[in-house]
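Note sheet for the following structure.
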2 protein chains.
Amino acid sequence: MNLRELARLLDLSQTTVSRALNGYPEVNEDTRQRVLQAVRMTGYRPNRAAQRLATGRTNSIGLVMPTGAGRDTDLHFAEFLSGLSEVAVGNDVQLVINPSRIEDEEATFRRLAAGGSVDAVYLSYIRRSDPRIALLKSLSLPFVVHGREIDGVLDYPLLDIDNAGAFADATRLLLQLGHRRFAFLNAADHLSFAIARHQGAAEALSAAGLALDPALVQNSPMTEEHGYRGMMRLLDQAEPPTAVLCSSVILSLGAVRAVNERGLRLGRELSLIAHDDVFPYLKAENFSTPLTTTRSSIRQAGIRIAERLIGEVAGIAADPQQEIWKADLIVRASTGPAPGSSRPKARAQAPT
Amino acid sequence: MNLRELARLLDLSQTTVSRALNGYPEVNEDTRQRVLQAVRMTGYRPNRAAQRLATGRTNSIGLVMPTGAGRDTDLHFAEFLSGLSEVAVGNDVQLVINPSRIEDEEATFRRLAAGGSVDAVYLSYIRRSDPRIALLKSLSLPFVVHGREIDGVLDYPLLDIDNAGAFADATRLLLQLGHRRFAFLNAADHLSFAIARHQGAAEALSAAGLALDPALVQNSPMTEEHGYRGMMRLLDQAEPPTAVLCSSVILSLGAVRAVNERGLRLGRELSLIAHDDVFPYLKAENFSTPLTTTRSSIRQAGIRIAERLIGEVAGIAADPQQEIWKADLIVRASTGPAPGSSRPKARAQAPT
DNA sequence: CGATCCACTCAAAGCGCTTTGGAAGACATC
DNA sequence: GATGTCTTCCAAAGCGCTTTGAGTGGATCG
């Protein structure tokens, strides 16, 4: 069943039927009802490809999803996607996943732009200085970046959290608790959010006349296993840290396992602050020792980015093109005074 | 840049250019090279919408992803998706995500089928008796089901694991270890895989003259928190179980937390077997007590289903339309002889 | 040397929709 | 009754591709 048949059936022209369906005013309300009735009867649905060809709009937004060797599934991406799709469904927009190996990404974007398969794209896993952004700017394809570059000018539409601020806050909290020796279990060091978090921590430390010992910094994929191994390595140091920053609760999961295995107690011998992207299936507050976190829902970010992408397509650019969200610092039991620290000599010191 | 301009540029007809690009034999190799060269120079990409309209094929497969209130992101879905997309990228196929609330799913499928936006669809979260399958059969849209119905005839293309078999195996192992009191932390009870797992366990038990105490069965979303609460409830029973089956490692994560909190030891006072979908970021072997699992990679399932979907579109149906994978039973440290059990009186009995 | 065949190329007809540029009829205005 | 103005509808022209059916010219054959 296509438009022509439907029109013939109704003894109307294609034009009128099309207009009736697309809500144009110049069609009699009675006629419109007749058309809608016929649509219901026949189960007619417009052919998407034809619509696209005729209008040039696709009603879909593209996700270029990184794949390839070593690219494990990313929990964070999935949660983000869930936010995106929530908005997409409400606006009758499809999400088109274009898995692409990192080295093919440029080609993929060019194909998307030139082939007109999507109205807009979303970009993430931003690197320190990311050529893909310049590419997208040159491509006349609306986009919103999740994250941002470290060095360049921020003259493109983006949504990011204040990673540096969050980890500076976390670091300052630990400094106040008397900690002096810090470690950082971070994400891969080519990712800009990992760099920003590192910088935030480093700046807060240097304000206190301290520095991050490179031996106490790990950059790795954010898996439980890497969290475990990283923490083990830290605890095996001659002079182990008393405070650990951690870029994900999934890393923390492993880190906590290592801590438990060593018979240490979080918030006592060792303090830990993790960044919490807010996963419904793994909550920082439910760790055996509830975790102090910097919290920002990655799902909310997905929702907001979808809204903005849809806006961009409709020609309504968000007013501040650069949107930076503060992360909340949520203090729970995994942080406590530094052992042996004289300053906030807490009641909770174990009577060793 | 479109086909016509490109053809004009090359002083060839659209036909010839199109054929050169699509690998038809009746075009001179020199000509083909000239065309390819021009494509490289101009950056020409065929318009997808036009291609679709002309060929009727979309080169994309649809995922109807459940969303809506209470539908949390599903780890398992994300990992599956990663497998799907790996194959998709290799075949130049797009994945089109159609988020849809459960009550709108029928409409969504009809729209996909009639609108021709995808060549094939994938269906999961199968329920005991699932009307969507009948719908898809009637829709002349190729599909592959991930999972299967409990009751109906299996006359549709599907891929599933032997859930009942896996949990029967797990149960028998625990029976051999002398366990008599079983619990089950399962997924939501409208999902067919949860039902099958329950049946598998129940059958193995009844073969031993035992039964699952309904008070020791939980059906819930598979989150850490539900695992924790479920296990707590089990341990608070007047007569707590000594063996626990668990439908996901993420549930186990919470369950293990509860066990630790109660000062119990896995493989000693309590044995646990979880189903492991093989997440790269959370491995059953890395739990503080490595978990005995029934293992089957959900990512591999994604890969296989993508292959089959692509095959269906190409007109090559998989030979056995119903593909059932056995899960491996991997014995690790979380299972041990039942406490107080006389049968396999183990060396490892705590000297209470 | 004309007939036959092959390799190569082309013009044109769709695919199913939207949208432009009217046109017909109804109604009001002068 | 002529003119103008809405309202409602239509015919036809694309959108950019694939594919059918029909040539070309040159090589091969009898």
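Each chain gets a letter, A, B and so on, in the order the sequences are listed, and its residues count up from 1. Worth saying up front: this structure is predicted, and the values here are computed from it rather than measured. Only this structure's heavy atoms are used, side chains among them; waters, hydrogens and symmetry mates stay out.
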Check your understanding: Can you check whether B:Tyr24 has a side-chain N or O nearer than 4.0 Å to OP1 or OP2 of C:dT9?
Key -> no

Study note, to complete from the structure: Of the listed C:dC8, D:dT8, C:dC10, the closest approach to the B:Ser13 side chain comes from C:dC10

Point to revise | Backbone of B:Arg132 reached by a side-chain donor or acceptor of B:Asp130 within 3.5 Å | key: yes

Practice item. Give a yes/no on whether any side-chain N or O of A:Thr15 is located under 4.0 angstrom from OP1 or OP2 of C:dT20. Key: no

Review point. Which word best sums up how the rings of A:His146 and A:Phe80 line up, parallel for under 30°, tilted for 30 to 60°, or perpendicular for over 60°?
Key: parallel

Check your understanding: Which whole-number value in Å describes the distance from B:Asn28 CG to D:dG25 P?
Key -> 17 Å

Practice item. Please report the C-alpha distance between B:Ser117 and B:Arg52 in whole Å, then the side-chain angles of each, then the deciding distance to 0.1 Å, and finally whether the side-chain contact (heavy atoms from CB on, under 4.5 Å) criterion is met. Key: CA-CA 9 Å; B:Ser117 20; B:Arg52 292 179 177 194; 5.6 Å; no

Review point. NA contact type, B:Asp11, heavy-atom cut-off 4.0 Å: base, sugar-phosphate, or nothing?
Key: sugar-phosphate

Review point. In terms of the nearest nucleotide of DNA chain D, which residue is placed more toward the 5' end: A:Val27 or A:Gln14?
Key: A:Val27

Practice item. Could you state the atom-to-atom distance from CG of A:Leu21 to P of C:dC17 in whole Å? Key: 10 Å

**Study point:** Side-chain N,O (B:Thr16) to OP1/OP2 (C:dC10) below 4.0 Å
**Key:** yes

Point to revise | Closest to side chain of A:Leu12, choosing from D:dC17, D:dC10, C:dC8 | key: D:dC10

Exercise for review: Quickly work out the A:Glu26 CD to C:dT18 C1' distance and round it to whole Å.
Suggested key: 12 Å

Review point. Is the closest side-chain heavy-atom distance between A:Trp325 and A:Gln300 below 4.5 Å?
Key: yes

Point to revise | Residues forming a salt bridge (charged side-chain N to carboxylate O under 4.0 Å, His left out) with A:Arg57, sequence neighbours excluded | key: none

Point to revise | Length of the line joining B:Met1:CE and D:dC15:P, which is rounded to integer Å | key: 15 Å

Check your understanding: How many angstroms lie between atom CD of A:Gln94 and atom CD1 of B:Ile97, to the nearest 0.5 angstrom?
Key -> 10.5 Å

Exercise for review: Would you check, one step at a time, whether the test side chain to side chain donor-acceptor pair (under 3.5 Å) holds for B:Ser18 with B:Thr15?
Suggested key: CA-CA 5 Å; B:Ser18 172; B:Thr15 314; over 6 Å; no

Review point. Without hydrogens or angle criteria, can the side chains of B:Gln37 and B:Gln33 be said to hold a donor-acceptor pair below 3.5 Å?
Key: no

Review point. Can you find a pair of side-chain heavy atoms, one from B:Arg127 and one from B:Ile102, that are under 4.5 Å apart?
Key: yes

Review point. Hey, does A:Phe109 have a side-chain heavy atom less than 4.5 Å from the side chain of A:Phe143?
Key: no

**Study point:** A:Arg19 or A:Arg45, whichever maps to the more 5' nucleotide of DNA chain C
**Key:** A:Arg45

Check your understanding: Are A:Asn2 and C:dC15 close enough that a side-chain N or O sits under 4.0 Å from OP1 or OP2?
Key -> no

Check your understanding: From the list C:dC15, D:dC17, C:dT9, which nucleotide is the closest neighbour of the side chain of A:Arg4?
Key -> C:dC15

Point to revise | For DNA chain C, the residues among residues 47-62 of chain B that have a non-hydrogen atom under 4.0 Å from it | key: B:Leu53, B:Ala54

Practice item. Determine to 10° how strongly the helix from C:dC1-D:dG30 to C:dC30-D:dG1 is bent, judged from the axes of its five-pair ends. Key: 60°

Review point. Rounded to the nearest Å, what distance is computed from the CG atom of residue A:Leu10 to the P atom of nucleotide D:dT8?
Key: 17 Å

Review point. A:Glu29 CD to D:dC9 P: how many Å, rounded?
Key: 11 Å

